[in-house]
Enquirer: 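What follows is a structure written as structure tokens; I'll ask about it next.
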Amino acid sequence: MNLRLTKISENMARFLFIVTMFLCIAALLLGVTQGQPFLEAFGLAVLALVILRLIYRPIVRLLAKPGVVKSWLILTALCFVVKMIWILAVQVPIEGDYSVFWSYANAFASGEVIYEGRYMALFPHIFGYSSFLSWFIRLFGSGPFVAQIVNVGLTICSGSLLFRLCYRWRNLNAAVSVYLLWIICPSQTIYNSLVLSEPLYTTLILAFLLLMTEVSLHMHRARRPVVLCVAAGVIGGLLLRWINGTRPIASILIIALLIWIFCLNLHTITALRTWRRWLPLLALLIGVYLLTGPVWNAQIATVIGEEPANTPGYNILVGFNQASDGRWNQEDSDRLMFYSNQPGATASEAQEKILEDAKARATAGDINYPHLFREKLRIFLGSDNSSVLYSVSVLSHTKLFSYACNAFFYMSMLLAVAGIIQLWRRKESSTYLLPLLYTVGLTIAQMLAEVAGRYHYSIIPMLLLIGQAALVPKKEDV
């Protein structure tokens with residue numbers, strides 16, 4: 001029976017590998033065919049990959065030589081210095097979407113109730129990051145660098161989580177390598193100058209992956225399995241609620257976890273007889289996530305004076321706008337505001353009406369879906385220079401920075417493809433597959449919703465994690 005389950009799991013893993021490689025290769029092709037600068041960036045990515053292979057081993061070995069703790073401290077100090085230099089040198093004006101986060105955070109910090117907070121009621125995920133940022137404004141004031149320094153702190157946290165994940169999945173060399181690549185990632189560095197939620201929810205996602213990794217490693221040998229299951233279920237559920245309150249993507253992680261357990265790893269948990277522990281853990285995790293939803297919404301309603309909408313109608317409507325290739329556009333924005341401004345209308349009613357419009361648009365029969373999805377994939381994963389465009393008002397040498405961002409991103413995808421090949425050859429079914437599932441899941445979700453280049457921010461660490469299977473083929477028990 002276990003041999004049959006093993007065969008099924010291996011076939012499912014192969015299918016996942018194929019789908020992820022197809023996404024990476026398709027995105028690369030769509031990216032490099034956008035024009036000469038993108039093709040040149042791809043050439044730089046190939047050159048960087050060759051150089052990386054030549055100088056990688058001695059640098060990583062040197063940084064790994066002091067041991068786990070000292071290596072982590074050295075990399076953390078390096079990360080802090082690099083990111084701080086950037087935010088001090090490049091100060092981007094707070095405007096557009098970033099001013100929304102900033103103004104709400106300052107309002108929360110002052111303790112005032114924001115009545116008529118209709119914009120947040122329409123887009124309640126704004127609350128997650130704004131309320132988080134408000135705590136630091138309470139502590140340190142609303143100075144010009146508060147949000148940016150918080151971004152640096154989150155970058156260090158996410159880098160540390162990447163370090164720990166790779167240390168658990170492979171070895172110390174992989175841990176050093178992934179942290180180092182995260183430090184030098186150009187677009188991530190540039191984003192630190194902006195006021196945005198991506199650093200926060202990416203850190204929370206990595207924390208969730210680490211939690212599931214630790215549970216997987218200790219499940220079959222835990223002395224107190226009940227304590228482990230309860231603690232992991234509660235913490236995991238709370239993490240998912242926080243993630244969803246910052247960016248509504250927790251369902252992707254839940255689906256990824258369920259697929260990993262019941263399709264990709266069922267033979268292992270059956271052989272180790274840990275399914276009796278996984279089932280209550282999953283039930284508790286999902287239960288906590290669902291039960292804390294009304295509590296989270298009640299907190300939002302308390303601070304803005306209105307119940308938040310639970311329907312993402314606007315995002316779906318924009319996602320099916322072929323004229324804008326699924327990106328933000330003034331026409332759909334005006335339509336949402338029209339519904340919202342109707343006498344007596346609530347945020348939920350406006351989003352529900354927009355959802356009906358989205359359904360009508362999707363089923364009207366005049367959308368060229370292959371073209372729309374191709375363009376959305378190009379926008380989502382075809383390049384990584386959105387951070388430069390957001391900072392263009394203060395950046396000089398924007399062409400050079402765009403080259404750097406795109407080249408690093410293309411190199412990361414090439415590394416991920418090579419890593420997938422290694423995982424395929426070694427038939428690995430560990431939690432290493434969760435980043436693959438998240439990458440595919442988020443990409444599919446973006447095909448159905450509003451798309452933007454910065455939304456792939458959380459995929460970059462997944463690509464770097466997967467790429468370590470190619471850079472550090474050897475896996476060690478730790």
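Computation of the quantities below employed the complete heavy-atom set of this structure, encompassing side-chain atoms and omitting hydrogens, waters and symmetry-equivalent molecules.
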Enquirer: Looking at V152 and M84, what are the two nearest heavy atoms and their distance?
Expert: CG2-SD, 4.2 Å

Enquirer: Crowded around F145 CZ? As in, over 12 foreign heavy atoms under 6.0 Å?
Expert: yes

Enquirer: Between E214 and R164, does at least one N-O distance fall below 4.0 Å, as a salt bridge requires?
Expert: yes

Enquirer: Any chance the rings of Y119 and F123 have centres within less than 6.0 Å?
Expert: yes

Enquirer: So how far is it from L414 CG to I25 CD1, rounded to the nearest 0.5 Å?
Expert: 9.0 Å

Enquirer: Strictly by modelled atom types, are K83 and Q148 linked by a side-chain donor-acceptor pair under 3.5 Å?
Expert: no

Enquirer: Is the closest basic N to carboxylate O distance between K359 and E356 below 4.0 Å?
Expert: yes

Enquirer: OH of Y179 to CD1 of I184: how many Å apart, nearest 0.5 Å?
Expert: 13.5 Å

Enquirer: Return yes if some donor-acceptor pair links the side-chain N/O of Y104 with the main-chain N/O of S99 below 3.5 Å, else return no.
Expert: no

Enquirer: Do R247 and S197 pass the side chain to side chain donor-acceptor pair (under 3.5 Å) test, and can you show the C-alpha distance, the side-chain angles, and the key distance before you say yes or no?
Expert: CA-CA 8 Å; R247 191 77 190 169; S197 60; 5.4 Å; no

Enquirer: Has S383 got a side-chain atom pairing as donor or acceptor with N406's backbone, closer than 3.5 angstrom?
Expert: no

Enquirer: Ion pair present between E198 and R454, side-chain N to carboxylate O less than 4.0 angstrom?
Expert: yes

Enquirer: Is there a donor-acceptor pair closer than 3.5 Å between any side-chain N or O of N244 and the backbone N or O of L240?
Expert: no

Enquirer: Closest heavy-atom contact between S402 and V388?
Expert: OG-CG1, 3.7 Å

Enquirer: Establish, from distance only, whether the side-chain atoms of T213 and T431 form a donor-acceptor pair under 3.5 Å.
Expert: yes

Enquirer: Would you say the ring centers of F380 and Y455 fall short of 6.0 Å from each other?
Expert: no

Enquirer: Please report the interatomic distance CZ(R241) to CG(L239), rounded to the nearest 0.5 Å.
Expert: 12.0 Å

Enquirer: What's the verdict on side chain to side chain donor-acceptor pair (under 3.5 Å) for Q468 and S177, showing C-alpha distance, side-chain angles and the deciding distance?
Expert: CA-CA 8 Å; Q468 299 314 305; S177 173; 2.7 Å; yes

Enquirer: Let me confirm one number: the CD1-OG1 distance from I420 to T439, rounded to the nearest 0.5 Å.
Expert: 8.0 Å

Enquirer: Would you check if there is a donor-acceptor pair between the side chains of D357 and Y339 at a distance under 3.5 Å?
Expert: yes

Enquirer: If we ignore angles and hydrogens, is there a donor and acceptor under 3.5 Å between the side chains of Y438 and S458?
Expert: yes

Enquirer: Taking all atoms of both residues into account, what is the closest heavy-atom pair of V92 and S193, and its distance?
Expert: CG2-CB, 3.9 Å

Enquirer: Any sub-3.5 Å donor-acceptor pair from T20's side-chain atoms to L16's backbone N or O?
Expert: yes

Enquirer: Going by atom types alone, do Y314 and W328 pair a side-chain donor with an acceptor below 3.5 Å?
Expert: yes

Enquirer: Among W135, F136, F101, F127, whose ring pair (Phe, Tyr, Trp, His ring centres under 6.0 Å) with F108 holds?
Expert: F127

Enquirer: Hey, do the aromatic rings of F409 and H456 have their centres closer than 6.0 Å?
Expert: yes

Enquirer: Classify the side-chain pair N321/D332 by whether it contains a donor and acceptor separated by less than 3.5 Å.
Expert: yes

Enquirer: Do side-chain atoms of E306 reach the backbone of A301 as a donor and acceptor pair under 3.5 angstrom?
Expert: no

Enquirer: Please tell me whether E307 and T346 have a donor and an acceptor in their side chains that are separated by less than 3.5 angstrom.
Expert: no

Enquirer: Give a yes or no on this: more than 12 heavy atoms of other residues, nucleotides or ligands lie within 6.0 Å of atom OH of Y369.
Expert: yes

Enquirer: Compare every heavy atom of A232 with every heavy atom of L285, then report the nearest pair and how far apart it is.
Expert: CD1-O, 4.5 Å

Enquirer: Between T76 and W72, does the side chain to side chain donor-acceptor pair (under 3.5 Å) criterion hold? Intermediate values first, please.
Expert: CA-CA 6 Å; T76 297; W72 170 76; 3.3 Å; yes

Enquirer: Counting N and O atoms only, with roles assigned by atom type, does the side chain of N385 sit under 3.5 Å from a partner on the main chain of F401, one being a donor and the other an acceptor?
Expert: no

Enquirer: For V176 and L75, which heavy atoms make the closest approach, and how far apart are they?
Expert: CA-CD1, 3.9 Å

Enquirer: Any side-chain heavy atom of Y410 sitting closer than 4.5 Å to one from D384?
Expert: no

Enquirer: Between N310 and S348, does any side-chain donor sit less than 3.5 Å from a side-chain acceptor?
Expert: no

Enquirer: So, does K376 use its side chain to make a donor-acceptor pair with the main chain of G326 at under 3.5 Å?
Expert: no

Enquirer: Under the 3.5 angstrom rule, does the side chain of S131 hit a backbone N or O of G128 as a donor-acceptor pair?
Expert: yes

Enquirer: Of all heavy-atom pairs between S158 and T155, which one has the smallest distance, and what is that distance?
Expert: OG-O, 2.9 Å

